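Given the structure is predicted, the values throughout are model-derived calculations rather than measurements.
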Amino acid sequence: MEKMRMESKDITAANIEKIGALFPNCMTETIDEYGKIKKAVNFELLKQMLCNDAAEREETYEFTWVGKRAAMIEANKPVRKTLRPCKEESVNWDTTENLYIEGDNLDVLKLLQESYMERVKVIYIDPPYNTGNDFIYRDDFSQSEKEYKGQAGICDEAGRVLFKNTDSNGRFHSEWCSMIYSRLLLARNLLSKDGVIFISIDDHEQENLKKICHEIFGEANFLAQIVWERAYAPVNLKKHFSESHDYILCYAKNHEDTVCNGLPRSKEADGRYINPDHDPRGVWKPGDLSVGPVVESKVYEITTPGGRKVLPPNGYCWRLDRETLEEYIQDNRIWFGPGGNNVPSMKRFLSEVKQGVTPMTIWKYTEVGHSQDATKGLKALFDQKAYFDYPKPVDLIKRCIQLYSDTDCIVMDFFSGSATTAQAVMQLNAEDGGKRRYVLVQLPEKCSERSAAYKDGYRTICDIGRERINRVSEVMKKNADLQKIDWGYRVLKVDESNMKDVYYRASECTQDLLSMLEFNIKEDRTSEDVFFECLLEWGLLLSLPYMEEECDGCRILIYNEGDLVACFDKNISGEAIKHIAKMGPSRAVFMDERFQSSAEKINLLEMFKILSPKTRVKVI
């Protein structure tokens with residue numbers, strides 16, 4: 001019987017399988033750190049297979065920094081962690097499809113690799129800008145200053161520093177690049193085939209971020225570098241220039257599959273369409289029938305219904321040839337004016353016009369707001385308290401989501417901050433009746449004890465973010481037409497695996513230790529904790545409804561009407577197992593400790609073969 005893995009996806013192993021599918025002759029075997037045989041790639045043979053396309057010259061075009069390789073390895077490395085449900089901090093736990101996840105986003109992105117693979121339509125992130133100060137995302141692969149200097153060749157053999165490690169040439173950029181690189185590698189996997197990512201950035205790392213994104217998403221999938229006018233007045237204290245803009249980089253997962261919805265048409269633009277002849281096809285506006293340059297076959301005389309003879313202006317011809325013009329006239333698509341004697345024009349029906357306006361790459365503050373707007377909006381929610389220095393305007397993120405989202409899709413933000421993305425999603429749903437869901441991820445960074453937020457009772461950034469969602473919901477609920485909006489969210493928190501660590505040397509094993517390991521789940525964990533870890537491994541969404549029922553004294557958890565059924569009771573009865581099998585679930589999970597012998601496991605599998613042969617059964 002197959003056992004649950006109970007750790008995040010091993011992306012390296014998955015990539016090796018992909019290479020093996022393409023080049024099976026390049027696969028070999030090696031020994032892992034525990035002495036077990038594992039699959040590996042014969043890179044020398046792979047290079048021979050690729051022939052002239054393998055880059056072996058010393059000089060190749062690439063963007064690199066000290067720590068890049070470590071960041072890549074870290075992104076592919078599995079973690080023995082899980083997401084624990086936190087009902088008491090959630091809102092509408094049983095019905096909501098939104099997620100608010102607390103924890104380091106590197107861990108979270110790894111944990112979501114199975115459940116949200118290619119399921120996210122739009123990602124918006126506003127990562128910490130590199131201002132030269134230490135930022136909170138200190139990953140395990142980030143290096144000390146001494147390690148960096150050694151790898152970068154800054155020190156001589158005696159350990160003396162050869163040159164100053166300034167902002168422009170050293171660790172200042174390397175750590176930030178490593179931080180964002182590993183996260184974007186993982187985020188790309190979560191984007192749907194027609195998905196898009198938006199990344200806010202300023203001048204400090206814009207150049208590096210664009211090169212990283214070119215590498216991860218592909219240069220062909222670069223859609224735009226948007227300039228957002230974040231300020232409207234100069235700062236006269238600046239010595240040279242007062243920066244008034246930030247950037248938003250936009251990349252597609254696959255530009256050929258990606259469709260831009262465009263910006264909504266203005267009322268002024270639609271107001272130009274009228275219907276003077278009461279055409280049943282709706283409102284329209286006249287368009288020129290003449291066009292240049294001249295095509296001889298399209299220069300001819302048109303006789304209007306009132307008898308007037310009309311030729312195209314000098315240097316022009318008609319858009320249509322004679323035969324096509326007659327077809328348009330019969331279809332009432334040519335307008336000769338109310339008296340029938342005007343110069344003919346073509347009807348352009350509003351219903352046939354592209355509904356979305358193609359966006360430009362400069363977004364003015366008058367359209368999407370500026371930094372002061374965003375601060376003002378947050379202060380209005382929090383009794384005129386400013387808890388964040390540089391929040392993004394809701395309208396800015398709304399535009400990003402609106403351009404590429406469906407009305408029923410998943411939107412993600414794994415640098416959630418003040419939870420502006422959640423508000424943007426709720427407001428968009430309120431405007432168009434959509435059912436977009438959000439997945440927010442935020443490190444529970446502690447508020448300074450000197451801060452206004454701490455004095456008001458908020459201990460972490462997450463506390464403020466969730467409270468913002470609650471307050472926005474309360475304001476919007478006052479509109480009777482918006483009662484169907486999903487105001488809730490499930491809170492999940494990153495924690496160590498629910499499973500006990502059982503890696504001990506033989507010399508460390510005692511009789512007492514063996515008795516402690518009879519049950520392999522940690523004592524402080526609940527059935528729901530283990531249940532959600534199983535959802536992660538099976539690759540199921542974490543936002544769907546589930547229920548529980550009792551059979552023969554055993555508690556049974558049923559996820560999304562049978563996508564997964566689990567019972568973690570140590571003394572589950574045969575009657576309860578039979579009851580689960582009769583449900584015909586897609587997947588079923590049991591405790592390994594429940595089975596005292598191999599014969600009992602065989603009986604379980606035989607029961608499912610008879611009652612539910614398509615069910616995949618695992619134990620933990």
Side-chain angles (χ1 to χ4, degrees), residues 194 196 223-229 250 252 255-368 395 398-400 402-407 428 431-434:
D194 58 349
V196 168
L223 299 182
Q225 179 167 307
I226 300 157
V227 178
W228 166 48
E229 188 181 23
C250 180
H255 74 281
E256 294 180 350
D257 296 329
T258 303
V259 177
C260 181
N261 300 322
L263 300 175
R265 294 176 57 84
S266 67
K267 292 181 179 180
E268 181 184 2
D270 288 349
R272 300 189 185 104
Y273 290 79
I274 57 175
N275 194 356
D277 62 345
H278 307 291
D279 195 306
R281 286 166 291 196
V283 295
W284 53 270
K285 71 176 183 178
D288 286 338
L289 187 61
S290 58
V291 66
V294 172
V295 176
E296 291 298 331
S297 62
K298 294 182 179 181
V299 177
Y300 55 88
E301 190 175 75
I302 296 176
T303 302
T304 70
R308 179 183 175 187
K309 307 293 185 182
V310 182
L311 284 169
N314 289 334
Y316 288 79
C317 63
W318 301 123
R319 290 179 181 272
L320 311 173
D321 57 36
R322 288 178 182 271
E323 184 178 352
T324 306
L325 176 71
E326 287 301 320
E327 292 176 1
Y328 270 55
I329 292 174
Q330 292 300 316
D331 195 30
N332 192 24
R333 286 180 174 270
I334 302 298
W335 174 246
F336 292 97
N341 264 330
N342 288 6
V343 174
S345 59
M346 295 176 60
K347 289 184 178 181
R348 297 184 182 277
F349 291 94
L350 180 59
S351 59
E352 297 174 353
V353 172
K354 180 182 176 182
Q355 294 304 299
V357 178
T358 301
M360 300 180 71
T361 55
I362 295 179
W363 292 2
K364 307 287 287 183
Y365 72 81
T366 52
E367 301 169 1
V368 295
D395 286 342
K398 269 177 59 180
R399 174 173 284 195
C400 294
Q402 190 175 46
L403 283 175
Y404 289 96
S405 73
D406 303 324
T407 54
L428 270 178
E431 291 170 11
D432 62 15

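- The side chain to side chain donor-acceptor pair (under 3.5 Å) pairs that include a residue from residues 291-303 are T303-K309, where partners are two or more places apart or lie in different chains.
- With rounding to the nearest 0.5 angstrom, the CG atom of L223 is 8.5 Å from the SG atom of C260.
- Within 6.0 Å of atom CG in D277, more than 12 heavy atoms from other residues, nucleotides or ligands are found, so the atom counts as buried in its surroundings.
- For residues 255-282, no pair satisfies ring pair (Phe, Tyr, Trp, His ring centres under 6.0 Å), with sequence neighbours left out.
- When each of R348, K285, K347 is tested with D279 by the rule salt bridge (Lys or Arg N to Asp or Glu O under 4.0 Å), just one qualifies, namely K347.
- Using a 4.5 Å heavy-atom threshold, the side chains of V291 and C317 count as touching.
- With respect to R399 and E367, a salt bridge is recorded, a charged nitrogen being found less than 4.0 Å from a carboxylate O.
- Distance CG/N314 to OG/S290: 11.5 Å, rounded to 0.5 Å.
- Considering every non-hydrogen atom in both R265 and V357, the closest pair reads CG-CG2, 3.9 Å.
- Between I274 and W284 there is no side-chain heavy-atom pair separated by less than 4.5 Å.
- Residues C250 and V196 have side chains in contact (heavy-atom distance under 4.5 Å, counting atoms from C-beta outward).
- In the model, D432 has no side-chain atom that pairs as donor or acceptor with a side-chain atom of T407 under 3.5 Å.
- Note on K398 versus E431: salt bridge recorded, some NZ/NE/NH1/NH2 to OD/OE distance being below 4.0 Å.
- R322 and E327 are not joined by a salt bridge, as no carboxylate oxygen comes within less than 4.0 angstrom of a charged side-chain nitrogen.
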(request) Report the C-alpha distance between I302 and L325 in whole Å, list the side-chain angles of each, state the deciding distance to 0.1 Å, and finish with yes or no for side-chain contact (heavy atoms from CB on, under 4.5 Å). (result) CA-CA 9 Å; I302 296 176; L325 176 71; 3.6 Å; yes
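- With a 4.5 Å cut-off on side-chain heavy atoms, E326 and I329 count as touching.
- Separation of atoms OG1 (T304) and CG (N341) is listed at 4.0 Å; rounding is to 0.5 Å.
- With contacts defined as side-chain heavy-atom distances shorter than 4.5 Å, the pair L403/N261 does not qualify.
- Environment of CZ in F349: crowded, with over 12 heavy atoms of neighbouring residues, nucleotides or ligands closer than 6.0 Å.
- In this structure, CD on E256 lies 13.0 Å from CG on D194, to the nearest 0.5 angstrom.
- Residues E229 and W363 fail the side-chain proximity criterion, which asks for heavy atoms closer than 4.5 Å.
- Distance check, rounded to the nearest 0.5 Å: CH2 of W318 to CG of L311 gives 7.0 Å.
- By the 4.5 Å heavy-atom criterion applied to side chains, V343 and R308 are counted as neighbours.
- Contact check for P338 versus P276: no side-chain heavy atoms found under the 4.5 Å cut-off.
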